[in-house]
Amino acid sequence: MNVLELSEQEIVRRQSLQELRDMGIEPYPAAEFPTNAFSEDIKNDFKDEDEKREVVIAGRMMSRRVMGKASFVELQDSKGRIQVYITRDDICPEEDKTLYNTVFKRLLDIGDFIGVKGFVFRTQTGEISVHAQSLTLLSKSLKPLPIVKYKDGVAYDKFDDPELRFRQRYVDLIVNDGVKDTFLQRATVVRTIRRVLDEAGYTEVETPTLQAIAGGASARPFITHFNALNIDMYMRIATELYLKRLIVGGFEGVYEIGKNFRNEGMDRNHNPEFTCMELYVQYKDYNWMMSFTEKLLETVCIAVNGSTERKVGDNVISFKAPYRRLPILDAIKEKTGFDCNGKSEEEIRAFCLENGLEVDETFGKGKLIDELFGEFCEGTFIQPTFITDYPVEMSPLTKMHRSKPGLTERFELMVNGKELANAYSELNDPLDQEERFKEQMRLADKGDDEAMIIDQDFLRALQYGMPPTSGIGIGIDRLVMLMTGQTTIQEVLFFPQMKPEKKIPQSSIKEWGEIGVSEEWAYVLRKAGFNLISEIRDEKAQGLQQKIGDINKKYKLGYEKPSVSDIQAWIDAAANVAVVTEEAE
């Protein structure tokens, strides 16, 4: 990278880096720096009557107040922040005061990592602090942090642009309070789920992420090519069919917490790469799974929030069991007055069209009902509600309802207006399953690009016999949103998918060279604000010479200044390039 591509502060920091090295100080030391305390623990454990406690801490310098021979630093470690008191004579007990006067005051910057050895005390203003007796540079920061400043209660320079926060999550975690806490709570959610399932005696397993057939859900997959086998494969859209194979193989209960990938839209509630927990337990049904799920989520909420309630936006959601159970057709009738029971596909499609839903001939009966539920019902269920007994057309992997013809033993858990979980009494009749797959293929032939493909190996596994089984999938990202009170999925993903970063259009160094501008002067022209060749065509040669000469002088580049005639030649060539481009267009 050319130095002129850097900001003013970045240039100064790199100069400081070199000056430190010239002084024999390594800005990125390899040696271990053993610490024995964290900021929050120091403050929580401090008692005025205790004997002086020696500590060794390390962290990022977030602020600095220099007052002559004494200074205060705010140090941020993995648990929080603590004030450090530094005096010149304490860290420089000998005659040489370079460490304080030059290194600390001039060459260190906000964002640098330092190590401090000292003792804990309380300042005259009552703040628990560390009195430094030695100071070590552990890592030099070359980019300035966006530090929030406050004046008259108003915050300035806030790092709150979602585009920047999600793209540069590392900066977001450093400067914005509460962001790290969200991800620590996410870890608690996953850890608690794993603990509950392990204590129940179920086995955590791993199944393939690359699959020859994208099965287990109705979704559009990502496609990739497996070079060694010379076949196209799919990123998995669900773990279901592989986990059921393990139930066939004799496991009592298996679960997997892992990534799924669905090549579909992105919004506040959807990310194409998402984390899901799927659980399958033999000899259980969907009624048992509803009871188990209630207890699981109640336990998770208590672990994260200390109670069974959580405020999300304007809603206070209670995860205390039991939850309401409502058949899907009853839900549609309750919200629309339209009873889907006994209605044909054509009648349901007509009702959808009458009510402004965008449906067409490719939509089967199940998808039409799904559209009705999504439009009129889903968003209305704020408190946890099990929506049950879905039509068979919507549930190709679900067992037929034991007492309601045409329906299946399936539920979806709705919370805060969105689906959180999907569960079945699993279909274990291999002949019925084959017919369901064939129906899915007929839907695919009609143009439904989310219909399932027949998985012949899964059918073969079922033919060996699968015991009665119940299974569930819970979206971990959405669950974390609920448990942490977040309203967008991007807030609970460290690195959500983003559009490509926008870059300022620039003529290449090669293109500058084609009009006679050398590489070093091309970078100078960019620094002067001329990113495109066309931008210099209206400049006056003498004025342009002055602009680039000022930069040459300011940054002490020592380049030989081009003559006015040389610069005029650049301008003429730029004008010719512009004319040719305009004629070509």
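Computation of the quantities below employed the complete heavy-atom set of this structure, encompassing side-chain atoms and omitting hydrogens, waters and symmetry-equivalent molecules. Quantities reported herein were computed from a predicted structural model and do not represent experimental measurements. One is the number of the first residue; the rest follow in order along the sequence.
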(message) If we check side-chain contact (heavy atoms from CB on, under 4.5 Å) with Pro272, which of these qualifies: Arg262, Met266, Glu264?
(response)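 For Pro272, the side-chain contact (heavy atoms from CB on, under 4.5 Å) check succeeds only for Met266.
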
(request) Determine the sole option in Leu210, Ile223, Asn263 for which the side-chain contact (heavy atoms from CB on, under 4.5 Å) test with Met235 is passed. (result)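 With Met235 as partner, Leu210, Ile223, Asn263 yield a single side-chain contact (heavy atoms from CB on, under 4.5 Å), made by Leu210.
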
Verify whether one side chain among [X] and [Y] offers a donor that lies under 3.5 Å from an acceptor in the other.
X      : Y      : answer
Glu240 : Tyr242 : no
Asp339 : Asn341 : yes
Asn271 : Gln497 : yes
Arg236 : Gln211 : no
Thr239 : Glu278 : yes
Asp389 : Tyr286 : yes
Glu426 : Thr469 : no
Arg191 : Thr188 : yes
Glu491 : Thr182 : no
Asn305 : Ser307 : no

Compute both the distance and the angle, then confirm whether [X] meets the cation-pi test with [Y]: under 6.0 Å from the six-membered ring centre, within 45 degrees of the axis.
X      : Y      : result
Arg410 : Tyr390 : yes
Lys343 : Phe338 : yes
Lys335 : Phe373 : no
Lys367 : Phe363 : yes

Would you say that [X] contacts [Y] through its side chain, given a criterion of any heavy-atom pair below 4.5 Å between the two side chains?
X      : Y      : value
Lys143 : Glu10  : yes
Leu397 : Leu241 : yes
Leu372 : Phe351 : yes
Pro391 : Met394 : yes
Arg526 : Gln506 : yes
Leu329 : Ile369 : yes
Pro384 : Leu297 : no
Phe166 : Asp161 : no

Whether [Y] and [X] form a salt bridge (side-chain N of Lys/Arg under 4.0 Å from carboxylate O of Asp/Glu) is what I want to check.
X      : Y      : value
Glu204 : Arg195 : no
Arg349 : Glu345 : yes
Lys399 : Asp429 : no
Arg325 : Glu294 : yes
Glu434 : Arg436 : no
Glu439 : Arg442 : yes

(request) Take the angle between the ring planes of Phe437 and Phe458 and call it parallel below 30°, perpendicular above 60°, tilted in between. (result)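 Correct class here is perpendicular.
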
(request) Check the angle between the aromatic planes of Tyr323 and Phe319 and answer parallel, tilted or perpendicular using the 30° and 60° thresholds. (result)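 Plane angle over 60°, so perpendicular.
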
(request) Please assess Arg169 against Asp172 for the test salt bridge (charged side-chain N to carboxylate O under 4.0 Å, His left out), listing each intermediate value before the final yes or no. (result) CA-CA 5 Å; Arg169 181 67 84 184; Asp172 188 32; 2.7 Å; yes

Heavy-atom donor-acceptor pair, [X] side chain to [Y] backbone, under 3.5 Å:
X      : Y      : value
Asn422 : Glu412 : no
Thr207 : Val205 : no
His225 : Asn227 : no
Gln490 : Asn269 : no

(request) Go through the steps to decide whether Ser318 and Gln383 satisfy the test side chain to side chain contact (heavy atoms under 4.5 Å, CB included), and finish with yes or no. (result) CA-CA 7 Å; Ser318 172; Gln383 298 305 320; 3.9 Å; yes

(request) Could you name each residue pair satisfying ring pair (Phe, Tyr, Trp, His ring centres under 6.0 Å) that touches residues 193-224, not counting sequence neighbours? (result)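 Passing the test, one end in residues 193-224: no pairs.
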
(request) With sequence neighbours left out, write down each residue that passes ring-ring contact (aromatic ring centres under 6.0 Å, His included) with Phe411, or none if nothing qualifies. (result)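 Listed in chain order: Phe386.
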
